Every structure is written in C-alpha cells, then in structure tokens.
Engineer: 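Quick one: the structure is below, and I'll ask about it shortly.
Atoms considered below: every heavy atom in the structure, side chains included; atoms not considered: hydrogens, waters and symmetry mates. Bear in mind the structure is a predicted one, so any value in this text is a computation, not a measurement.
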Amino acid sequence: MLLRAAVEAVPAGSTIQIESIRDIPLYDGDVEAEQGIPQAVQQLKARIVAADGLLIVTPEYNNSFTGVLKNAIDWLSRPYGAGALSFRGRPVAIMGATPGQGGTLLSQAAWLPVVRTLGMRPWFEGRVNVSGAGKVFDTDGRMADEAIRDRIRTFVEGFTAFVDSQRSR
C-alpha cells in the first residue's frame with residue numbers, strides 16, 4: 001500500500017514501476033550451480049539495470065528487514081562479482097510501513113550494510129517510516145492520513161531529484 005502511495009506521489013516526468021519478488025525462489029547455491037539464475041531473477045535484474053534508481057519499500061519484522069526481500073537481493077546479486085554490477089552505483093532510497101509503533105527505523109538501518117556492500121548510492125535526505133500502518137490506510141488500501149501523504153510526496157520528489165542528479169555522473 002505504501003508503494004502504491006509513492007506511485008501516486010511521483011512528480012510529472014518520472015515514473016515508479018512496481019515489480020514483484022513473488023516468483024523468486026529461495027536462494028540455493030546448488031540450484032544456481034546446476035541450473036543457473038532462475039528466469040524470474042533474470043527478468044527482475046534486467047528491469048533494475050534499466051532503471052535510473054531503486055526504491056525499496058519494506059516492512060519491519062523482528063526489528064529487521066524481511067528474509068523474503070533479502071533473499072531476492074541475494075539472488076539478484078548473483079553470480080558472485082558480476083551480479084553486484086546490477087546494483088553498483090545505482091541510486092537507492094528505502095521507505096517502509098509496519099503495524100507496530102517503531103515505524104521501520106530498524107529495518108531501514110539494517111539495509112545499510114547491504115546497500116554499502118552492493119555499492120549503491122543511498123539517498124539520505126528524507127525518511128518515510130510509517131507506524132500503525134493498519135490505521136493510516138483506508139479500506140481500499142489508499143493513504144488516508146494527509147500528513148503522511150505529504151511526507152511521501154516530499155520523499156518521492158526528493159528521491160526523484162537525487163536520481164536525476166546522479167544521471168549526469
């Protein structure tokens with residue numbers, strides 16, 4: 001729902017393409033050695049390589065990011081060495097929502113070593129960490145809280161400007 005709110009807030013001339021990790025299997029080095037990189041991973045990697053930036057939208061489970069999302073990043077960074085090139089130098093921002101009270105501060109912080117290892121260019125000028133997510137979205141899954149909607153818009157506009165500034169590098 002938060003990702004859809006970000007899509008609605010994107011400024012004119014920019015787009016956010018929603019992608020899914022649903023079809024990415026559990027990482028298995030034996031599968032990689034025997035069968036190579038799964039098609040779902042290859043397709044998502046191609047979309048990431050074609051993108052100007054990457055917006056990671058994450059919940060927070062047990063004070064960290066989800067294993068499912070980390071698993072996708074692990075697959076996307078394969079094969080070792082060459083796989084990380086799809087992330088190296090890519091602008092990235094992280095935002096999140098959780099039903100808990102802490103927002104996603106710990107989840108977002110837990111992503112930092114991964115972002116650094118992959119050589120991405122993180123954008124730190126804004127923060128969206130939504131607490132009590134069950135109360136800020138309406139029954140149709142749309143952002144109902146005007147103040148949070150404004151924070152999302154400001155965040156997306158800032159990240160878009162950062163991505164634009166990185167293209168000339």
Engineer: Out of curiosity, W111 CH2 to L118 CG, how far, rounded to the nearest 0.5 Å?
Structural biologist: 8.5 Å

Engineer: How long is the span from the CD atom in E19 to the CG atom in L3, to the nearest 0.5 Å?
Structural biologist: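 Answer for the CD-CG pair, E19 versus L3, is 10.0 Å.
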
Engineer: Look up atom CZ in R121 and atom CZ in R90, then write down how far apart they are to the nearest 0.5 Å.
Structural biologist: 10.0 Å

Engineer: Angle between ring planes, F159 versus W123, binned at 30° and 60°: parallel, tilted or perpendicular?
Structural biologist: tilted

Engineer: Please work out which of the three classes, parallel, tilted or perpendicular, describes the rings of W75 and Y27, given edges at 30° and 60°.
Structural biologist: perpendicular

Engineer: Enter the distance from N129:CG to I94:CD1 here, rounded to the nearest 0.5 Å.
Structural biologist: 12.0 Å

Engineer: Give me the atom names and distance for the closest heavy-atom approach of G103 to S131.
Structural biologist: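 In this case the closest contact between G103 and S131 is N-OG, 2.8 Å.
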
Engineer: Are the charged groups of R149 and E8 less than 4.0 angstrom apart, N to O?
Structural biologist: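 Answer for the salt bridge query: no.
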
Engineer: Is it true that atom CG of N62 has more than 12 heavy atoms of other residues, nucleotides or ligands lying nearer than 6.0 Å?
Structural biologist: no

Engineer: Of all the heavy-atom pairs spanning M143 and I148, show the shortest one and how long it is.
Structural biologist: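 Smallest heavy-atom distance, with atoms named: CE-CG2, 3.5 Å.
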
Engineer: Go through the steps for L2 and I152 under the test side-chain contact (heavy atoms from CB on, under 4.5 Å), then give the verdict.
Structural biologist: CA-CA 9 Å; L2 182 59; I152 293 167; 3.4 Å; yes

Engineer: Within the side chain of Q108, is there an N or O that forms a donor-acceptor pair under 3.5 Å with the backbone of V128?
Structural biologist: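 Checked: pair present.
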
